[in-house]
Amino acid sequence: MIQEIVARVQELFSVSRIEDARALLEAELARGAGSAPIFTLLGYAHLYLADPKTAQKVLEEAVAKFPDDASAQEGLARVRWINGAGAGFADQMIAAVAQYPGSDQLRLKCADLLRLAGQYDNAERVIREGLSAQQDNASLRTWLGILLDETGRLSEAELEFQAALKSFPGHPTLHLNLAHTLLRQGKADAALEEIAAARRSEPGNQLAITYTAMALKQKGDDRFNWLCDYQNHVQVFDVAPPPGFQSMSKFNSELAGRLRTLHAKAEHPLEQSLRGGSQTNQNLIFTKDPVVKLYLTNLRDSIGKYIVSLPNDPRHPLTARKTGAFSIAGCWSVLLRPDGFHVNHTHPLGWISSAYYVSLPDQMSSPGGQEGWIKFGEPRWPVPGVGIERVIEPKEGRLVLFPSYMWHGTIPFSKGERLTAPFDVVPSQGGVRN
């Protein structure tokens, strides 16, 4: 019965029916079905409803009742971070790892959250304490390799990934982890071998495409320009106002008002690319708000023009996915505060990704500066020979479309707030015709 409830709640979450999910979970608790998954999911429901304070109370109760449950501990640490707990956000989870040292899931989730928060020393300590009792644990060695890679101890990271591959030969993620470490050491040819191994089991892996581009750039191979054509694959559209609005300025003002109500005043989610701001929790494609729905409808013409402009090349990972139709798979909103920015990242589950600028600080339009501009081509972590390929100025009402496998991030800005509503597009058999 619990598994059925969990599956139903996750289904409701996936279509942003969060109120329905919360009601279902509260009904389960009222009838005495107080399992760890029910408490944990209820905590997330409150978080998705922009109520992180209540989410924390629910998850604190979950952890008090089920201190060895990794998902409950993870949820509580995440919400405490969002609520501004700072460096001690995961202290209770760290204590639980010490209390239940045999729980690999608890240990790995704890280390990952500490890594995402930039607490590399603590994360490494948690992993190495586990390895002291389980030296051949491939999962622990993999996460140690990731920590070593991100902290620049590349030769050590390479050894950890190679060891993990002996336990899980052919594992695509491990091959890509090793490829990344090799690229950071300037070993493009060896990285391409690992990427090829990953693509044998997952031909469409987007991260493999990203890493292939990095390797080709590092080698000075002309195929890089074919794979990442920054002039033609990255396109800018200054969107026309939708019906009923005389200007994009008036429409964006209305849209901004609706989007701001969805932003809780909280710290950025640990797993997201933004720093110094907030991101909406719900997928806006399921919104009932008429202005947000009008925004999504108004995008279709620009998206269609972008797709039509792409050549019909069945060999290219971007253009080979053209089907004649598309769908918006996800849409969210990001509100950045002063000194906010996006770290360089990609969207592995998308096909075409975007930036749409709803509201911008005045200084972003100042001549000679690049505050808040979007940049393309620079990896998340330094890679020899691979850097920024193009930057684009943001403007209110401007839409930027690009392949989801391209590295992109933003330059920090000093004053004001920057409100965007990005989305991902995927090819479809039905959906909107190009």
field: Chi angles and distances behind the salt bridge (Lys or Arg N to Asp or Glu O under 4.0 Å) call for Glu158, Lys187
entry: CA-CA 11 Å; Glu158 183 178 345; Lys187 301 177 181 179; 3.3 Å; yes
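When the side-chain contact (heavy atoms from CB on, under 4.5 Å) test is applied to Pro242, the partners found at least two apart in sequence or on another chain are Phe245, Met248, Phe251, Leu294, Asn298. Residues satisfying the side-chain contact (heavy atoms from CB on, under 4.5 Å) test with Ala21, not counting sequence neighbours, are Val9, Leu12, Phe13. For Glu378, the side-chain contact (heavy atoms from CB on, under 4.5 Å) partners are Asn344, Lys375, Ile388, not counting sequence neighbours. Legend: residues meeting side-chain hydrogen bond (donor to acceptor under 3.5 Å, both in side chains) with Ser309, ordered by chain and number and at least two apart, are Gln235. By the side-chain contact (heavy atoms from CB on, under 4.5 Å) test, His171 is found to be paired with Phe168, Thr173, Leu174, residues two or more places apart in sequence or in another chain being considered. Under the side-chain hydrogen bond (donor to acceptor under 3.5 Å, both in side chains) criterion, Asn225 pairs with no residue at all, not counting sequence neighbours. Looking at residues two or more places apart in sequence or on another chain, you find no salt bridge (charged side-chain N to carboxylate O under 4.0 Å, His left out) involving Glu156. Taking Gln105 as the reference, nothing meets the side-chain hydrogen bond (donor to acceptor under 3.5 Å, both in side chains) condition, with sequence neighbours excluded.
Ring planes of His180 and Tyr211: tilted class, angle from 30 to 60°. Between Tyr230 and Phe224, the two ring planes are tilted [angle within 30° to 60°].
The line from CG of Leu192 to CG of Leu216 is 6.0 Å long, rounded to the nearest 0.5 Å. With rounding to the nearest 0.5 angstrom, the CG atom of Asp339 is 11.5 Å from the NZ atom of Lys415. Taking CD1 of Ile374 as the start and CZ of Phe341 as the end, the distance is 14.5 Å to the nearest 0.5 Å. Atom CH2 of Trp351 sits about 10.0 Å away from atom OG of Ser327, to the nearest 0.5 Å.
Heavy-atom contacts from other residues, nucleotides or ligands closer than 6.0 Å to CG of Asp91 number more than 12. Applying the 6.0 Å contact sphere to CZ of Arg125 captures more than 12 heavy atoms from other residues, nucleotides or ligands. Applying the 6.0 Å contact sphere to CD of Gln246 captures no more than 12 heavy atoms from other residues, nucleotides or ligands.
At a threshold of 4.5 Å between non-hydrogen side-chain atoms, the residues Pro379 and Trp381 do not count as touching. Counting heavy atoms from C-beta on, the side chains of Trp373 and Thr410 never come closer than 4.5 Å. For the pair Thr210 and Tyr405, the minimum side-chain heavy-atom distance is below 4.5 Å. The shortest distance between side-chain heavy atoms of Leu59 and Val63 does not fall below 4.5 Å.
No side-chain donor-acceptor contact under 3.5 Å links Gln92 and Gln73. In the model, Thr280 has no side-chain atom that pairs as donor or acceptor with a side-chain atom of His263 under 3.5 Å. Under the 3.5 Å distance criterion, with hydrogens and angles disregarded, a donor-acceptor pair is assigned to the side chains of Asp424 and Ser353. A donor-acceptor contact closer than 3.5 angstrom is absent between the side chains of Gln279 and Ser333.
The side-chain contact (heavy atoms from CB on, under 4.5 Å) with Leu76 is formed by just one residue from the set Arg80, Glu74, Arg78; it is Arg80.
For His408 and His342, the ring centers are positioned 6.0 Å apart or more. Checked against a 6.0 Å centroid threshold, the rings of His316 and Trp226 count as neighbours.
Applying the salt bridge (Lys or Arg N to Asp or Glu O under 4.0 Å) test to residues at least two apart or on different chains, the pairs with a partner in residues 233-249 are Asp238-Arg398. Evaluation of the ring pair (Phe, Tyr, Trp, His ring centres under 6.0 Å) test over residues 270-308, restricted to residues two or more places apart or in two chains, returns Tyr295-Tyr356. Residue pairs meeting the salt bridge (Lys or Arg N to Asp or Glu O under 4.0 Å) criterion with at least one member in residues 140-155, sequence neighbours excluded: Arg115-Glu150, Glu124-Arg153, Arg141-Glu160, Asp149-Arg184.
The two residues Trp81 and Leu270 come nearest to each other via the heavy atoms CE2-CD2, 3.5 Å.
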Which donor-acceptor pairs under 3.5 Å do the side chains of residues 45-53 make with protein atoms, sequence neighbours left out?
{"unit_1": "Asp51", "atom_1": "OD1", "unit_2": "Thr54", "atom_2": "N", "d": "3.4"}
{"unit_1": "Asp51", "atom_1": "OD1", "unit_2": "Thr54", "atom_2": "OG1", "d": "3.2"}
{"unit_1": "Asp51", "atom_1": "OD2", "unit_2": "Thr54", "atom_2": "OG1", "d": "2.6"}

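In this structure, Thr40 contributes its side chain and Ser71 its backbone to no donor-acceptor pair below 3.5 Å.
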